[in-house]
Each structure stands twice: as structure tokens, then as C-alpha cells.
K.L.:
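What follows is a single structure, and I will ask about it in a moment.
Below, each value reflects all heavy atoms present in this structure, side chains not excepted, and no hydrogens, waters or symmetry copies.
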Amino acid sequence: YTLSLHDALPISTIDAVTGACIGPVGYEPTELSCDGLDNDCDGVPDGPCPAPGDLVITEFMANPFAVNDAQGEWIEIYNASGRALSLRGLAVKDSNNTLTLMGDPTVPAGGYFIIGQDGDPSLNGGVTVDYVHSSFFLNNTTPDSITLEQDARVGGALLDTLSYDQSTWPIANGRSA
């Protein structure tokens, strides 16, 4: 049988005789998020994906004091659902950047997940980071927002958003908000 995206482009096929996962030349089986299919041929469809209300932005550090921004910025997300959720393909946005989570990040039911600039607590101000990136920076002095959206391949629904500026939610050096 052929596994495919919503637009019917083939992703992988299970060979009926050998049971091997095959695809286009150079194809490396990988799971896509939230499509309900077993794209990587491991026999398990992708896990539950977040719906609106499932993920909540609970805390963030936009202006660290002990270390520079490139090491110490982070965003904390809470899983308010009753089940573990796959964050593969989750889009984290601010007014200037979009970060799409890759790999196989998951957050347990009732658990927290921290996205940060540096994964080494001895270099990032002491934070245990679950997902490390280097392409997303929060504004320290101008208005900004943090938005979580579903994987665009399954609709890109808004999951949570938080807006801040110096007058309504001051960003103090070294203090999370």
C-alpha cells in the first residue's frame, strides 16, 4: 500500500512481498506529524497531535542577565491535555521568526517542554532545555508575541498566543515572564 500526504504525493510504499519500506531514490523513511499515517514504515502511525487548548505558553525568558540572549532565551510550554503529544512540525512564531520543531519531540500529559537557545545548563543560565535551536530570538524592548501553531500540513491551527510589550508586560533583565 502507498502512504501519502493529503495532496496524494507518494511518501513511502510497503512492498507487499518483502514488507520493506520503499520510496523515491534517496528516500529515507521519516514520520510526518498529525497525518495519522505510518510514514516511516515502523508499524506505528504518528501520535496524537496538539489541538487548540492542548498547549499553553506558561513562561518565557526574553532578556537573560547571567548569559547573553543567544544562550539564555527560552520558552516553556505546558501540555494541558490528558495525553502525551507529538510536537513534530509545531510552529513557534514571534513577530520576526518562525521555528518549526523537527525530529520527534514529545511532551507528556500534564508535562512541560522548554525550547531554548543552548542545551547546556552551565552555559544557558541553569535551564534544562528539551529542544535546542539557534534561529529564534525574542524582542527585549519592542512589542512582540509568541504563537504556537499546528503543523501547516494538517491545517496550521492556532494553539496558543501571548503578546507582550514594556508597558503591559515589562521584560526585566534576568527575569522570566
K.L.:
Using modelled atom types only, decide if a donor and an acceptor are shared between the side chain of Asp54 and the backbone of Ser81 within a distance under 3.5 Å.
P.N.:
no

K.L.:
Is it the case that one hydrophobic cluster holds both Ile75 and Tyr78, taking links as side-chain heavy atoms less than 4.5 Å apart, direct or via other members?
P.N.:
no

K.L.:
For the rings on Phe60 and Tyr164, is their centre-to-centre separation under 6.0 Å?
P.N.:
yes

K.L.:
Please identify each residue that fulfils salt bridge (Lys or Arg N to Asp or Glu O under 4.0 Å) with Asp120, with sequence neighbours left out.
P.N.:
none

K.L.:
Output the distance between atom OG (Ser176) and atom CE (Met61), rounded to the nearest 0.5 Å.
P.N.:
5.0 Å

K.L.:
Kindly give the heavy-atom pair with the smallest separation between Ala157 and Pro52, and that separation in Å.
P.N.:
CB-CG, 4.3 Å

K.L.:
Can you tell me which residue among Leu87, Asn79, Leu85, Leu55 is in a side-chain contact (heavy atoms from CB on, under 4.5 Å) with Phe113?
P.N.:
Leu87

K.L.:
May I ask whether Val56 and Tyr131 are part of the same hydrophobic cluster, defined by side-chain heavy atoms of I, L, V, M, F, W, Y residues being less than 4.5 angstrom apart, directly or through others?
P.N.:
no

K.L.:
Are the side chains of Thr147 and Asp160 in contact, using a 4.5 Å heavy-atom criterion?
P.N.:
no

K.L.:
Test of understanding: clusters of I, L, V, M, F, W, Y form through side-chain heavy atoms closer than 4.5 Å, transitively. Do Val127 and Val132 belong to the same one?
P.N.:
yes

K.L.:
Answer yes if Val92 and Leu159 sit in the same cluster of Ile, Leu, Val, Met, Phe, Trp and Tyr residues linked by side chain heavy atoms under 4.5 Å apart, and no otherwise.
P.N.:
yes

K.L.:
For Phe137, does its backbone N or O pair with a side-chain atom of Asn97 as donor and acceptor, under 3.5 Å?
P.N.:
yes

K.L.:
Measure the spacing between CD of Glu73 and CD of Gln117 and express it to the nearest 0.5 Å.
P.N.:
5.5 Å

K.L.:
For the CD atom of Glu76 and the CD1 atom of Ile115, what is their distance to the nearest 0.5 Å?
P.N.:
10.5 Å

K.L.:
Enter the distance from Asn96:CG to Asp144:CG here, rounded to the nearest 0.5 Å.
P.N.:
6.5 Å

K.L.:
CG of Leu99 to NE2 of His133: how many Å apart, nearest 0.5 Å?
P.N.:
5.5 Å

K.L.:
Within this structure, what is the OG1-CD1 distance for the pair Thr161 and Ile57, rounded to the nearest 0.5 Å?
P.N.:
6.0 Å

K.L.:
Closest approach of Asn63 and Asp69, non-hydrogen atoms and distance?
P.N.:
OD1-OD1, 3.6 Å

K.L.:
Is it the case that one hydrophobic cluster holds both Ile77 and Trp74, taking links as side-chain heavy atoms less than 4.5 Å apart, direct or via other members?
P.N.:
no

K.L.:
In chain order, what residues pass the salt bridge (Lys or Arg N to Asp or Glu O under 4.0 Å) check against Glu149, with sequence neighbours excluded?
P.N.:
Lys93

K.L.:
If I compare all heavy atoms of Ser86 with all of Pro50, which pair ends up nearest, and what's the gap?
P.N.:
O-CD, 3.2 Å

K.L.:
Specify the closest pair of heavy atoms between Ser163 and Ser145, including all atoms of both residues, with the distance to one decimal.
P.N.:
OG-CB, 3.6 Å

K.L.:
Under 3.5 Å, is there a donor-acceptor pair between the side chain of Arg88 and the main chain of Met102?
P.N.:
no

